[in-house]
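To keep things clear, I will list the structure first and then write my remarks on it.
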4 protein chains.
Amino acid sequence: MNARPTCGKDTPRAEVQRERILCAAQKCFIEHGFHAASMANIAETAQMSQGLLYRYFESKSAIVLAIVERQLQEGRAHVAELHSSADLAASILDTYTKWQARDPSVFSAALLLEMSAEATRDPQIAAALSSSDRRIFADVQSWMVRGQDDGGLGLPPDVAARRVLLLEAFVHGLAVIAARQPDRDPAPLREIIDTFVSRLLAP
Amino acid sequence: MNARPTCGKDTPRAEVQRERILCAAQKCFIEHGFHAASMANIAETAQMSQGLLYRYFESKSAIVLAIVERQLQEGRAHVAELHSSADLAASILDTYTKWQARDPSVFSAALLLEMSAEATRDPQIAAALSSSDRRIFADVQSWMVRGQDDGGLGLPPDVAARRVLLLEAFVHGLAVIAARQPDRDPAPLREIIDTFVSRLLAP
Amino acid sequence: MNARPTCGKDTPRAEVQRERILCAAQKCFIEHGFHAASMANIAETAQMSQGLLYRYFESKSAIVLAIVERQLQEGRAHVAELHSSADLAASILDTYTKWQARDPSVFSAALLLEMSAEATRDPQIAAALSSSDRRIFADVQSWMVRGQDDGGLGLPPDVAARRVLLLEAFVHGLAVIAARQPDRDPAPLREIIDTFVSRLLAP
Amino acid sequence: MNARPTCGKDTPRAEVQRERILCAAQKCFIEHGFHAASMANIAETAQMSQGLLYRYFESKSAIVLAIVERQLQEGRAHVAELHSSADLAASILDTYTKWQARDPSVFSAALLLEMSAEATRDPQIAAALSSSDRRIFADVQSWMVRGQDDGGLGLPPDVAARRVLLLEAFVHGLAVIAARQPDRDPAPLREIIDTFVSRLLAP
DNA sequence: CATGAATGAGACTTCATTCAT
DNA sequence: CATGAATGAAGTCTCATTCAT
């Protein structure tokens with residue numbers, strides 16, 4: 001019954017292998033999408049046999065979920081930087097630029113969108129996204145509420161809540177634009193980001 | 001409730017069949033995603049044999065492409081209504097509400113996102129989206145440029161361009177939010193849409 | 001979701017195909033056992049593609065179950081002949097002889113044993129066997145209870161019940177012997193069957 | 001409850017390991033069947049690595065064969081007790097009761113049946129069963145032939161041979177009944193065993 | 001025009017077995 | 001002696017596509 005009786009340990013080896021698999025999987029998922037990417041694909045990219053994948057992950061959907069959570073973590077990290085940043089606009093622009101460049105190393109607009117679409121159908125993914133979104137929301141809101149001498153914006157909670165939502169929509173919208181318009185001139189983007197941010201932060 | 005709400009057009013026989021297939025396909029794609037939906041699925045939903053699908057479409061990906069173009073058309077129709085609307089905010093809210101409700105009749109946030117992600121990988125889809133986006137962009141921009149006595153905003157072209165982009169990002173971002181947060185209270189959304197629109201249209 | 005939307009019909013064609021598959025499956029199961037026989041095996045024996053098997057049976061275990069029920073039916077038919085037979089002993093000997101000869105056409109001692117063992121683990125098979133056994137038990141018992149002028153034995157029900165059980169054990173035991181001792185001289189078998197039957201039918 | 005009830009023999013190291021493996025294998029085979037039980041399963045149950053299994057057994061089928069021989073030995077031991085027993089009927093009833101209870105400690109009706117079915121296909125198993133059966137046959141026969149003052153039955157060899165066969169069929173038949181009818185009331189069994197034995201031993 | 005039976009490739013997954021450590 | 005990571009073949013099942021009817 002139990003496929004991995006003595007393996008689940010957090011031995012460094014196992015962790016390295018999981019990383020290798022997740023790296024490969026991320027690459028494949030970005031390149032082909034969650035469904036079109038095959039385990040054969042992932043195994044080849046990770047330079048291991050297909051069978052070995054199953055020593056470290058119970059199923060393909062477990063890998064998908066791990067990648068989803070990984071992306072969410074990276075997203076949260078970005079956001080953390082973001083609101084600690086002196087220059088919110090620069091940070092958003094940086095994110096957008098990476099999305100548009102399709103740098104497969106870390107972050108991916110396509111994955112963000114596919115994850116979001118998949119959340120519509122897969123309850124596990126929906127739960128992961130929901131939990132992550134709530135955490136990010138709270139983080140950003142608390143930043144906006146914090147006093148200005150603490151690096152915050154000093155907004156009342158209800159106002160902050162609305163602005164977080166506004167920001168969330170805008171940033172996610174940039175992901176859609178990055179995916180759909182890889183050749184777009186980034187200059188106007190810089191401008192609208194600046195506009196948006198300055199108006200967002202205005203009282 | 002009715003499976004084919006927009007299908008009853010008075011078209012020659014072949015066109016009717018294509019419509020039936022596309023309606024079925026749309027339903028299936030929304031429900032399962034482009035890859036997870038099968039031809040068997042579509043045929044069953046369209047109440048016809050699988051073989052017949054191939055008389056009207058060369059392959060599954062041809063159906064996908066047709067659906068993509070269909071969605072884009074519907075999107076353009078929405079946008080046309082939208083900027084002719086006296087109340088832009090109400091129109092956006094209406095769209096968002098349908099997205100969140102997952103009304104399978106016409107429009108789908110999940111499909112919008114999956115299409116956008118897929119554009120990253122499939123050149124045909126990318127081309128379709130790009131062409132459609134450009135057309136929408138031009139439409140909306142020309143509306144903004146048009147004089148206020150013509151129902152426009154009377155903005156200079158370069159300013160209009162930036163605002164279109166801003167609007168595009170915002171609306172697409174709402175699709176992401178609708179997909180990821182099906183249980184979210186829509187009240188704050190109404191507020192931020194109002195805020196956004198009023199500031200957007202402001203000079 | 002539904003793999004065979006318009007197929008389950010009892011068209012003659014479908015019935016023929018199901019028969020072909022079951023014939024092939026029976027042969028394979030007898031030859032290799034339920035688990036060791038593969039779908040590839042069955043498909044090849046039935047001279048069709050593996051995929052086609054799934055148009056007529058939902059899964060391998062559905063085929064196994066169908067074969068189990070088929071064997072049980074054949075068993076019941078044998079039993080029906082058996083107790084209508086003027087010569088019970090000859091009928092049992094005939095069954096034993098077929099078992100020992102491993103005639104793969106209809107009946108199989110190996111399958112009977114494997115089924116019985118599998119009933120220990122698979123609830124569906126257990127249910128099928130249990131239901132069939134009960135029916136056979138009742139049939140034979142009612143024969144024994146029936147008056148002698150009706151071709152029965154005229155036994156009281158409780159006595160009949162014990163004799164049916166005794167007979168059941170003996171016949172199943174012959175299946176084990178047939179499986180384990182393919183080269184055994186059948187002569188002593190004839191004798192013990194005669195002995196057993198004559199003592200069984202004695203008052 | 002204890003996983004290795006009969007394992008604690010005082011043997012050199014290697015023998016102890018083999019025993020551990022065989023005990024684990026027996027448990028797994030009873031629980032899942034010969035084919036469905038995996039080496040991973042056995043290793044886990046034996047609390048050792050999979051690799052180690054191969055130090056003591058050449059292959060899975062070697063383990064299967066060893067288990068078969070083990071069961072046969074236990075069977076012979078039972079039979080030895082049996083015919084030395086003052087009360088044959090009680091001994092058979094005891095065996096049947098254990099079979100029906102599916103006491104995993106030593107003996108298993110399911111394994112007996114699966115072994116017998118497998119003998120139909122695997123020559124090695126067939127040979128093992130055949131040899132064991134012959135030995136048991138001779139044992140029991142010689143007991144029946146022995147004089148009554150020696151604890152035997154004092155039967156002539158040819159009569160004895162037929163009675164052994166009869167007994168063999170009956171006892172194996174009980175195994176089938178035990179496997180197929182786990183919920184059967186054991187009372188009638190006691191009665192038919194008594195009947196059978198008393199008539200068997202009668203001259 | 002329409003059907004749906006049929007195919008073959010390929011998907012995910014399991015497993016007996018080997019081997020470096 | 002012992003481990004458990006690794007492999008590759010094989011298993012079950014799905015699916016886009018074709019074709020005789």
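Keep in mind that this is a model prediction, so the values were computed, not measured. Reckoned from all heavy atoms, side chains included, excluding hydrogens, waters and symmetry mates. A note on names: the letters A, B, ... follow the listed sequences, proteins ahead of strands, and every chain is numbered from 1.
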Q. Reading nucleotides 16-21 of chain E 5' to 3', which nucleotides get B (base under 4.0 Å from a protein heavy atom), which S (sugar-phosphate only), which -?
A. SBB---

Identify all side-chain donor-acceptor contacts of residues 36-47 of chain A below 3.5 Å with residues at least two apart in sequence or on another chain.
residue, atom, partner, partner atom, Å
A:Ser38, OG, A:Ala40, N, 3.4
A:Ser38, OG, A:Asn41, N, 3.0
A:Thr45, OG1, A:Asn41, O, 2.8

Q. Who are the side chain to side chain donor-acceptor pair (under 3.5 Å) partners of C:Gln50, not counting sequence neighbours?
A. none

Q | Qualifying salt bridge (charged side-chain N to carboxylate O under 4.0 Å, His left out) pairs with a residue from residues 108-124 of chain A, counting only residues at least two apart or across chains | A | A:Glu114-B:Arg121, A:Glu118-A:Arg121, A:Arg121-B:Glu114

(Q) Counting the atoms with a prime plus P, OP1 and OP2 as sugar-phosphate, which does D:Tyr56 contact under 4.0 Å by heavy atoms, base, sugar-phosphate, or nothing? (A) sugar-phosphate

Q.
Holding to side-chain contact (heavy atoms from CB on, under 4.5 Å), I want the full list of residues that pass it with C:Glu31, two or more places apart in sequence or in another chain.
A. none

**Q.** Protein-nucleotide distance (A:Asn41, atom CG; E:dT13, atom P), rounded to Å
**A.** 15 Å

Q: Would you mind reading off the distance between A:Arg55 atom CZ and F:dG4 atom P, rounded to a whole angstrom?
A: 9 Å

Q: Please list, by residue number, the residues of residues 42-49 of chain C whose heavy atoms come closer than 4.0 Å to an atom of DNA chain E; answer none if no residue qualifies.
A: C:Met48, C:Ser49

Q. Would you say C:Arg102's side chain and C:Ser108's backbone share a donor-acceptor pair under 3.5 angstrom?
A. no

Q. Which ranges of DNA chain F pair up as stems, where a stem means three or more consecutive Watson-Crick or G-U pairs with both distances under 3.5 Å?
A. E:2-21 with F:2-21

Q | By salt bridge (Lys or Arg N to Asp or Glu O under 4.0 Å) - contacts of A:Glu19 (at least two apart) | A | A:Arg70

Q | Least distance between heavy atoms, B:Ala66 atom then B:Phe57 atom | A | CB-CE2, 3.9 Å

**Q.** Contacting residues from residues 119-129 of chain D, given that a heavy atom lies under 4.0 angstrom of DNA chain E
**A.** none

**Q.** Heavy atoms from other residues, nucleotides or ligands near CD of D:Glu58 exceed 12 (cutoff 6.0 Å)
**A.** no

Q: Indicate whether OP1 or OP2 belonging to F:dC1 is found under 4.0 Å from a side-chain N or O atom of D:Gln17.
A: no

Q | Whole angstrom value for the distance that separates C1' of F:dG11 from CD1 of C:Ile63 | A | 14 Å

Q.
Check whether D:Arg20 reaches the backbone of D:Glu15 with its side chain - one donor and one acceptor, N or O, closer than 3.5 Å.
A. no

Q | Euclidean distance, atom CZ of residue A:Phe57 to atom C1' of E:dT14 [Å, nearest integer] | A | 18 Å

**Q.** Whole-Å gap separating C1' (E:dA5) and CD1 (C:Ile21)
**A.** 12 Å

Q: Please report, rounded to the nearest Å, how far the C1' atom of F:dC1 is from the CZ atom of D:Arg18.
A: 16 Å

**Q.** Side-chain heavy-atom pair D:Leu52, D:Gln17 within 4.5 angstrom cut-off
**A.** yes

Q) Under 4.5 Å between any side-chain heavy atoms of B:Thr120 and A:Ile30, yes or no? A) no

**Q.** Pairwise ring pair (Phe, Tyr, Trp, His ring centres under 6.0 Å) hits with a residue in residues 30-53 of chain C, at least two apart
**A.** C:Phe29-C:Phe34

Q) side chain to side chain donor-acceptor pair (under 3.5 Å) with C:Ser61: which residues, sequence neighbours excluded? A) C:Ser59

**Q.** All side chain to side chain donor-acceptor pair (under 3.5 Å) counterparts of B:Ser132, not counting sequence neighbours
**A.** B:Arg76

Q | Distance in angstrom units between B:His32 NE2 and F:dT14 P, rounded | A | 14 Å

